[in-house]
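First comes the structure, then the notes that go with it.
Lettering follows sequence order; numbering is per chain, from 1. Owing to the predicted nature of the structure, the values given are computational and were not obtained by experimental measurement.
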There are 2 protein chains.
Amino acid sequence: MRDTEKAFIALRNTLSLYTSISDSTWQAFMTICKFKSVTKHSLLYKIGYTPSSYSYIYKGLVRCFSCDGKGNEYNKVFFDEGKFPGSMTALLTSSPSILSLEALEDTLIIEINFIAYRKLMLKNDELKLFQIYYLEKNWLLAKESREIEFVQNDATARYLCFIDEYSQLTDRLPQYHIASYLGITPTQLSRIKKNI
Amino acid sequence: MRDTEKAFIALRNTLSLYTSISDSTWQAFMTICKFKSVTKHSLLYKIGYTPSSYSYIYKGLVRCFSCDGKGNEYNKVFFDEGKFPGSMTALLTSSPSILSLEALEDTLIIEINFIAYRKLMLKNDELKLFQIYYLEKNWLLAKESREIEFVQNDATARYLCFIDEYSQLTDRLPQYHIASYLGITPTQLSRIKKNI
DNA sequence: TTAACTTATCAACATATGTAAATGAATTCC
DNA sequence: GGAATTCATTTACATATGTTGATAAGTTAA
């Protein structure tokens with residue numbers, strides 16, 4: 001079986017984790033999707049651009065980061081297989097994103113056209129349910145706990161949280177990207193690891 | 001005119017900032033609202049409880065904070081006149097809140113029953129629009145920029161952001177609440193103020 | 001394979017911030 | 001009005017983290 005087919009099967013399985021997806025819903029959904037391959041280090045989208053699609057990761061790894069004016073980057077989330085990287089905010093408000101997405105490995109994705117998805121979702125009850133469950137689980141709750149985790153913990157505790165949350169990614173990610181996620185320098189992360 | 005009436009007029013004006021509110025919408029909306037007075041230092045709701053209403057502040061000041069296990073509190077947002085304090089997350093997901101709300105002054109609010117509001121909103125186009133605009137402006141965008149502000153800036157820069165965003169509140173808030181909002185101790189805030 | 005580059009670790013020093021305790025000003029309470 | 005409490009500031013010291021530069025291991029490219 002080719003990657004394209006396998007990717008679509010994986011996508012349907014992921015949707016089904018949230019709510020049941022009938023064959024007819026799936027047929028309609030597939031027509032607004034496009035399989036795509038992006039090479040390591042390329043950007044799925046850049047700060048300042050208004051994205052027109054979600055992505056679904058079949059294979060690979062993507063980081064989401066913001067930038068300040070001085071050339072520093074700050075990692076916010078990592079997305080691996082089965083996740084939907086993207087700026088929900090930029091999509092919902094059709095405004096330029098304040099975030100960028102970069103592939104950290106050669107990555108296979110399925111692009112889901114955002115406008116077509118909205119149209120389809122608004123007249124399909126299964127997709128409406130998916131949308132609600134997905135938003136609640138992956139955005140509202142995740143954002144709230146990440147914020148609290150960041151505010152309440154020191155860097156060592158945040159590192160332990162990171163290992164807990166991203167155990168399967170700790171060796172796919174370079175140290176300096178982890179450090180940036182934790183809000184510290186690679187030097188400091190090195191010290192923290194030594195102290196544990 | 002009594003406070004109750006003035007509060008309801010203010011509430012209608014606030015709704016109208018987001019979208020137009022017809023008389024019939026307003027009549028229906030008013031029936032799910034209740035005027036209430038809360039004294040300084042009392043809690044609108046506590047961590048662990050599932051809130052059943054939004055509030056609207058007609059007069060007064062409320063802080064939203066989280067707690068860790070060691071008795072420390074962390075301020076997240078301040079709400080003054082015209083704002084809707086509450087944990088959107090807890091309401092949307094009907095889950096126990098991980099946040100508390102405390103009145104920092106004697107405060108006059110209007111409580112809006114959440115379940116009744118959902119019902120009304122889902123069959124009223126004006127309220128649906130209000131809901132979307134309010135969510136986008138006050139939750140998605142605000143949360144995203146607050147997170148970036150916190151991650152990218154040092155404490156001095158965050159203090160300047162705070163003054164900018166909350167200029168009208170800087171002298172209604174005690175230093176130690178501002179310090180907690182900035183993620184530093186009152187001692188450090190004192191030093192920062194001296195250095196500016 | 002060698003050379004060039006990237007990455008992780010470490011050391012030395014600088015800076016930001018926390019902690020604890022003291023002081024004085026402001027506020028609250030009887 | 002005076003006593004008690006709360007709050008902001010300051011000092012001295014401790015700790016966490018940043019910065020810079022060195023080194024060595026690992027990776028990539030010629």
Between B:E73 and B:R63, does any side-chain N to carboxylate O distance fall below 4.0 Å?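 Result for this pair is yes, salt bridge flagged.
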Salt bridge or not between B:E144 and A:K76? Use side-chain N to carboxylate O under 4.0 Å.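 Salt bridge: yes.
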Under 6.0 Å between ring centres: does that hold for B:F8 and B:F35?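 That pair fails the under 6.0 Å test.
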Residue-level proximity of residues 149-179 of chain B to DNA chain D when a heavy atom falls under 4.0 Å: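 Residues of residues 149-179 of chain B under 4.0 Å from DNA chain D: B:P174, B:Q175, B:Y176.
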Are OP1 or OP2 of C:dG18 and a side-chain N or O of B:T187 less than 4.0 angstrom apart?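 Answer no for this pair, as no side-chain N or O of B:T187 is under 4.0 Å from OP1 or OP2.
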Nearest-Å distance for atom pair [atom1]/[atom2], residues [X] and [N]:
X: A:Q188; N: C:dT17; atom1: CD; atom2: P; result: 14 Å
X: A:I192; N: C:dT9; atom1: CD1; atom2: C1'; result: 14 Å
X: A:H41; N: C:dC5; atom1: NE2; atom2: P; result: 16 Å
X: B:K193; N: C:dT17; atom1: NZ; atom2: P; result: 16 Å

Along DNA chain C (nearest heavy atom to each residue), the more 5'-positioned of A:R191 and B:L189: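 Looking at the nearest nucleotide for each, A:R191 comes out on the 5' side.
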Honestly, is A:R146 close enough over A:Y181, meaning NZ or CZ under 6.0 Å from the six-membered ring centre and within 45° of the axis?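 Output yes; distance and angle both within limits.
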First-last contacting nucleotides on DNA chain D - partner chain B, under 4.0 angstrom, heavy atom: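 First and last nucleotides in contact are D:dC7 to D:dA12.
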Keeping the roles fixed (side chain from A:Y18, backbone from A:L127), state whether a donor-acceptor pair exists under 3.5 Å.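 No, the answer is negative, given that no donor and acceptor are paired below the 3.5 Å cut-off.
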Which residue in the set B:S24, B:S22, B:S16 passes side-chain hydrogen bond (donor to acceptor under 3.5 Å, both in side chains) when paired with B:E126?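 Result for side-chain hydrogen bond (donor to acceptor under 3.5 Å, both in side chains) with B:E126: B:S22.
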For the side-chain hydrogen bond (donor to acceptor under 3.5 Å, both in side chains) test, which of A:H41, A:R172, A:K59 pairs with A:E105?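 Only one of A:H41, A:R172, A:K59 forms a side-chain hydrogen bond (donor to acceptor under 3.5 Å, both in side chains) with A:E105, namely A:R172.
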Indicate whether any N or O donor in one side chain lies under 3.5 Å from an N or O acceptor in the other, for A:N124 and A:T25.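 Yes, A:T25 and A:N124 have a side-chain donor paired with an acceptor closer than 3.5 Å.
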